[in-house]
Amino acid sequence: MKILEMNHIHKSFGDLEVIKDISLSVAEGEILSIIGPSGSGKSTILRCATMLETINGGEILYMGEKAAYTDNNGNVIYAKGDKAKKINSNFGLVFQNFNLFPHYSVMKNITDAPIHVQKRDKTEVFNQARELLEKMGLLDKADYYPCQLSGGQQQRVSIARALCMNPKILFFDEPTSALDPELTLEILKVIRDLAKEHMTMVIVTHEMNFAKEVSNRIIFMEKGVIVEETTPDKMFNSDNERTKAFLGKYHNMG
Amino acid sequence: MSFSTMLMQLSSGMVKTTGIFFWTIILSLPLGLFVSFGRMSKNPALKNIVKVYISVMRGTPLMLQLMMVYYFPYLLFGMNIRTFRFPAIIIGFTINYAAYFAEIFRSGIESMPVGQYEAAKLLGYSKSQTFMKIILPQVIKRILPSITNEVITLVKDTSLAFSLSYMEMFTVAKQIVAKDATFTPFIVAAIFYYVFNFIVASVMEHFEKKLSYYR
């Protein structure tokens, strides 16, 4: 079962075309990493998938349902109203800079949307939130405010917040880019644990070794196109000159 | 006039001063929020109308605005304005302060990081939920010091109601000074204003402290 399908996506900012006819799909339980140099469009494709940016062409499907498509006149039509709500409940996003709500406690950050948006039972939501916090090693921080937490702790809260919505697929937009190496390890461990539970994930990252280890499939993007899409092993032994050059730089660094 | 009589008269003036103050706060804060929406509207016509309104309110004296509001119904429609004095004062103060509050709200709303809207959108909050639950509480924390400034200015500006001969404290003080040829009422009035503002500042500081649990 394909959870996400993106077909022939185009996206421009003014005259600058940042996504040029990209197609990708993610099956249930699959972990896809997207790597590539800065400005390659990898974050933009994630923002298109999560409806934070509107596409200029192509179609986006979640669970086979059209979230956006291009009609015969070339206009992009987005799902609206209840249908959009239903489609949007399929996915969650973990931001690079967390974007926790600073005026809410850790617990309220996690539980407010499930209770007031999804209208779920309070007790059930609180139980799930406590379970998630325990998994993140943050149960003792439930009543803290984001400003009292380290960056790594904040990012774990934001992962818990996304998970408490019970998404079918979770997107990560460079989840460790704002963190130091030690805190990065904290987050990578959490994602690794989610991978063991077969959570469907799309991860935009600069952590090459992590992408190699955790993914089923890697996409290498540059200048708005997919240069190569393959398994981690093949990617890191690629014959493609551009892939080799990009990954080689990381090897030299390490 | 005995000191106690004077004190009595100034106190009854103070009650009216307080009335102007609270009515203006209660009406101009919400109005200011809506005006700020208009100021930030994507509709260019609405946005420009609001810009002109704010510009006029800030660019002309409040005393003049009070007189305009008071005399307009008579000048335009020949209406009897004898009972219109107090409503005119409240309308005048409200539309003037709403303009200032609107700009303060705008500065607060526009300073909110876009990530807060994006996080709220991803969690499925509606637009009104996002504003009421996520954005507005944080905006209030950010703008509270500027609001305090305006509120303190308002306490002192209530004295401008003397221009419509409304018997608030300053008008009363002026009358006693003129009649009894003594400066004492002004000194008492100054103390009243100061104490009022001291209380206002303390209350606002309390709100600020209450909101200091997060950054």
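Numbers restart at 1 for each chain; the letters A, B, ... are given by sequence-line order, proteins then strands.
- For chain A, the option among Q129(B), K141(B), R215(B), K133(B) with the highest count of heavy-atom pairs below 4.5 Å is K133(B).
- For Y74(B), the OH atom is loosely surrounded, since the number of other residues' heavy atoms within 6.0 Å does not exceed 12.
- Side-chain atoms of Q148(A) never come within 3.5 Å of backbone atoms of Y214(B) as a donor-acceptor pair (strictly under, hydrogens ignored).
- Only the side chain of R47(A) comes within contact range of chain B, with at least one heavy atom under 4.5 Å from a heavy atom of that chain.
- In this structure, K121(B) contributes its side chain and M51(A) its backbone to a donor-acceptor pair below 3.5 Å.
- Looking at N97(A), neither its backbone nor its side chain comes within 4.5 Å of chain B, counting heavy atoms on both sides.
- Within 6.0 Å of atom CD in E110(B), more than 12 heavy atoms from other residues, nucleotides or ligands are found, so the atom counts as buried in its surroundings.
- Taking the side chain as every heavy atom from C-beta outward, F101(A) and L123(B) approach each other to under 4.5 Å.
- The neighbour count for E182(A) CD, taken as heavy atoms of other residues, nucleotides or ligands under 6.0 Å away, does not exceed 12.
- Closest approach of N99(A) to A119(B), counting heavy atoms only: O-CB, 3.5 Å.
- In the displayed structure, K83(A) atom NZ is contacted under 6.0 Å by more than 12 heavy atoms of other residues, nucleotides or ligands.
- Of all the listed residues (L93(A), T50(A), V117(A)), the one sharing the greatest number of non-hydrogen pairs under 4.5 Å with chain B is V117(A).
- With a 6.0 Å radius and a threshold of 12 heavy atoms from other residues, nucleotides or ligands, F13(A) has its CZ atom above the threshold.
- Applying the 6.0 Å contact sphere to CD of E208(B) captures more than 12 heavy atoms from other residues, nucleotides or ligands.
- No side-chain heavy atom of L122(B) sits less than 4.5 Å from a side-chain heavy atom of N88(A).
- Here NE2 of H116(A) is found 12.0 Å from OG of S126(B). Values are rounded to the nearest 0.5 Å.
- Annotation for D143(A): atom CG does not count as buried by contact number, only 12 or fewer foreign heavy atoms lying within 6.0 Å.
- The closest donor-acceptor contact from the side chain of Q116(B) to the backbone of P102(A) lies at 3.5 Å or more, if one exists at all.
- Between H103(A) and Y213(B), the shortest heavy-atom contact is O-OH, 2.9 Å.
- By the neighbour-count criterion of 12 heavy atoms within 6.0 Å, atom NZ of K108(A) is densely surrounded, having more than that number from other residues, nucleotides or ligands.
- Contact of Y117(B) with chain A is not made at all, since no heavy-atom distance falls under 4.5 Å.
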